[in-house]
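Below, read A as the first sequence line, B as the second, and so on, with proteins coming before strands; counting in each chain starts at 1. The shown structure was predicted, so the numbers you read here are calculated from the model rather than taken from an experiment.
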2 protein chains.
Amino acid sequence: MMGPHWWYNRFRGWGYRLTIPRQAILEILSKSDKHLSAEEIYLEVHKEYPSIGLATIYRTLELLVQMGIVNKFDFGDGRARYELAEDSKGPKHHHHLICNVCGRVIDYRDFSEEEKNFFESLERNLSQRYNFEIKNHQVMFYGICDKCKGK
Amino acid sequence: MMGPHWWYNRFRGWGYRLTIPRQAILEILSKSDKHLSAEEIYLEVHKEYPSIGLATIYRTLELLVQMGIVNKFDFGDGRARYELAEDSKGPKHHHHLICNVCGRVIDYRDFSEEEKNFFESLERNLSQRYNFEIKNHQVMFYGICDKCKGK
DNA sequence: ATCGCAAATGAGAATCATTCTCAATTGAGA
DNA sequence: TCTCAATTGAGAATGATTCTCATTTGCGAT
């Protein structure tokens with residue numbers, strides 16, 4: 001799943017074209033297992049296709065977010081991060097602990113069964129209550145990390 | 001609770017001073033029940049104290065976030081929002097539904113008992129597991145809102 | 001009180017991610 | 001192949017946030 005045809009149909013369904021730059025960006029996002037910033041994606045894409053500009057990266061990412069293919073994160077360091085939304089149901093999905101003092105971001109994905117079930121049922125509930133089609137979610141816990149506790 | 005003395009002690013405890021600009025900012029945050037942007041806070045503060053500059057607003061907010069007094073949010077519209085963290089345990093606390101298509105942000109605070117209990121126990125669990133002192137959390141669900149479904 | 005100094009501030013410049021403009025290119029359908 | 005809207009690249013423009021630096025302020029010691 002999620003090969004070129006899948007992307008192609010997805011784009012056509014929205015009335016968009018699956019161009020080389022867009023494929024290149026999806027390629028990079030598929031290979032990475034981290035949240036990438038626009039510039040990081042640009043640099044990766046640039047290795048293979050030096051002619052693709054940064055503006056196209058931003059435009060494409062915005063499109064992908066609207067299409068629900070990509071998730072946009074913000075950890076408060078002044079730059080947005082992106083990742084494939086498909087991962088939000090898969091093993092790569094995770095939540096975050098963010099230190100208010102040093103800004104460190106800790107991922108955790110060792111969810112309990114209870115935690116998984118809870119979010120699934122909550123999403124179903126909210127979808128109905130607000131007639132809102134939920135694609136994914138983000139959870140961030142803020143506080144003070146172990147390294148900053150002594151301060 | 002949370003009067004001038006309380007703030008004063010809190011600041012002194014961190015080795016900071018509770019100055020007029022800082023009091024003014026806390027005053028505005030206390031009165032508002034919305035997430036305010038730095039500029040909105042600046043404009044409010046400016047009514048009472050026209051000499052206080054925008055840079056001071058930013059510096060103070062950063063300080064307040066580090067001290068755990070204020071929460072910083074980011075909904076992807078290019079500007080950060082701030083609110084008193086104390087509310088995160090109180091009746092004002094809420095989660096968000098964010099539309100990927102039009103950017104609309106829907107708050108909900110009609111939590112079920114189950115939802116409340118779940119987050120409380122999850123926070124206790126994570127605090128232990130990661131030796132991380134959790135002050136508050138943010139939950140955002142992304143997807144397509146009712147108004148954008150037809151598109 | 002007042003002295004000394006680090007903390008805090010205001011004003012404006014500087015930064016930097018993101019968005020916009022516009023002329024040139026590309027691709028799907030006829 | 002032809003047409004036209006969609007897409008793109010390059011660079012300028014935008015706008016929130018941060019930085020610089022000279023000045024002011026407030027706590028602790030005298």
Side-chain angles (χ1 to χ4, degrees), chain A residues 4-5 7-26 35-67 69-70 72-82 103 151, chain B residues 4-5 7-26 35-43 45-67 69-70 72-82 100 102-103:
Chain A
H5 316 79
W7 300 126
Y8 181 85
N9 291 332
R10 196 80 189 257
F11 272 78
R12 297 274 68 211
W14 282 74
Y16 300 137
R17 299 179 193 161
L18 180 54
T19 60
I20 303 287
R22 290 172 182 179
Q23 285 186 62
I25 291 166
L26 285 166
H35 336 85
L36 298 173
S37 69
E39 195 182 4
E40 286 168 338
I41 294 169
Y42 169 72
L43 290 174
E44 281 303 311
V45 167
H46 192 265
K47 289 180 186 168
E48 193 83 24
Y49 302 93
S51 69
I52 295 176
L54 183 55
T56 297
I57 306 291
Y58 276 105
R59 279 186 294 235
T60 300
L61 287 171
E62 187 187 346
L63 214 62
L64 292 170
V65 169
Q66 283 197 195
M67 293 168 70
I69 292 178
V70 160
K72 183 178 182 179
F73 289 79
D74 200 301
F75 298 123
D77 67 341
R79 53 176 58 189
R81 311 276 165 170
Y82 302 87
K151 292 180 186 171
Chain B
H5 316 79
W7 299 126
Y8 182 84
N9 291 331
R10 196 79 190 259
F11 272 78
R12 296 273 68 209
W14 282 74
Y16 300 137
R17 300 178 192 162
L18 179 54
T19 60
I20 303 287
R22 290 173 181 178
Q23 285 187 61
I25 291 166
L26 286 167
H35 337 86
L36 298 173
S37 69
E39 195 182 4
E40 287 168 335
I41 294 168
Y42 168 71
L43 290 175
V45 166
H46 193 264
K47 290 179 187 169
E48 193 85 24
Y49 302 93
S51 69
I52 295 177
L54 184 55
T56 298
I57 307 291
Y58 277 105
R59 280 186 293 234
T60 300
L61 288 171
E62 188 189 345
L63 213 62
L64 292 170
V65 168
Q66 282 197 195
M67 293 168 71
I69 292 179
V70 160
K72 183 177 181 179
F73 289 78
D74 200 302
F75 299 123
D77 67 341
R79 53 176 58 187
R81 311 276 165 170
Y82 303 85
N100 280 329
C102 67

Could you check whether B/Arg22 gets within reach of a base, just the sugar-phosphate, or nothing at all, counting any heavy atom under 4.0 Å? sugar-phosphate
Looking at CD of A/Glu62 and OH of A/Tyr82, how far apart are the two atoms once the value is rounded to the nearest 0.5 Å? 8.5 Å
Distance under 4.0 Å to a non-hydrogen atom of chain B counts as contact; along DNA chain C, which nucleotides mark the start and end? C/dA6 to C/dG12
Chi angles and distances behind the side-chain contact (heavy atoms from CB on, under 4.5 Å) call for B/Phe11, B/Leu64: CA-CA 9 Å; B/Phe11 272 78; B/Leu64 292 170; 3.8 Å; yes
Under 4.0 Å, counting only non-hydrogen atoms across every strand here, what does B/Ser51 touch: a base, just sugar-phosphate, or nothing? sugar-phosphate
Does any N or O in the side chain of A/Arg22 come within less than 3.5 Å of the main-chain N or O of A/Arg17, such that one atom is a donor and the other an acceptor? yes
Does B/Arg12 place a side-chain N or O at less than 4.0 Å from the phosphate oxygens OP1/OP2 of D/dG28? yes
Is B/Tyr58 near enough to D/dT17 that one of its side-chain N or O atoms lies under 4.0 angstrom from OP1 or OP2? yes
To the closest 0.5 Å, what do you measure between NZ (A/Lys72) and CD (A/Gln66)? 10.5 Å
Can you work out whether B/Thr19 or B/Gly78 has the more 5'-proximal nearest nucleotide on DNA chain D? B/Gly78
If I take atom CD in residue B/Glu62 and atom P in nucleotide D/dA16, what distance separates them, rounded to the nearest angstrom? 18 Å
For the pair made of CG in A/Asp77 and P in D/dA16, what is the distance, rounded to whole Å? 18 Å
Atom CG of A/Asp74 and atom C1' of D/dT17: how far apart are they, to the nearest Å? 13 Å
Expected output: side-chain A/Arg10 to main-chain A/Ile69 donor-acceptor under 3.5 Å: no
Candidate pair A/Arg81 and A/Phe75, rule side-chain contact (heavy atoms from CB on, under 4.5 Å), full reasoning: CA-CA 8 Å; A/Arg81 311 276 165 170; A/Phe75 298 123; 4.0 Å; yes
Any base atoms under 4.0 Å from B/Arg17, or only sugar-phosphate, or nothing? Heavy atoms, all strands. base
With a 4.0 Å cut-off on heavy atoms, is B/Ile52 in touch with a base, just the backbone sugar-phosphate, or nothing at all? sugar-phosphate
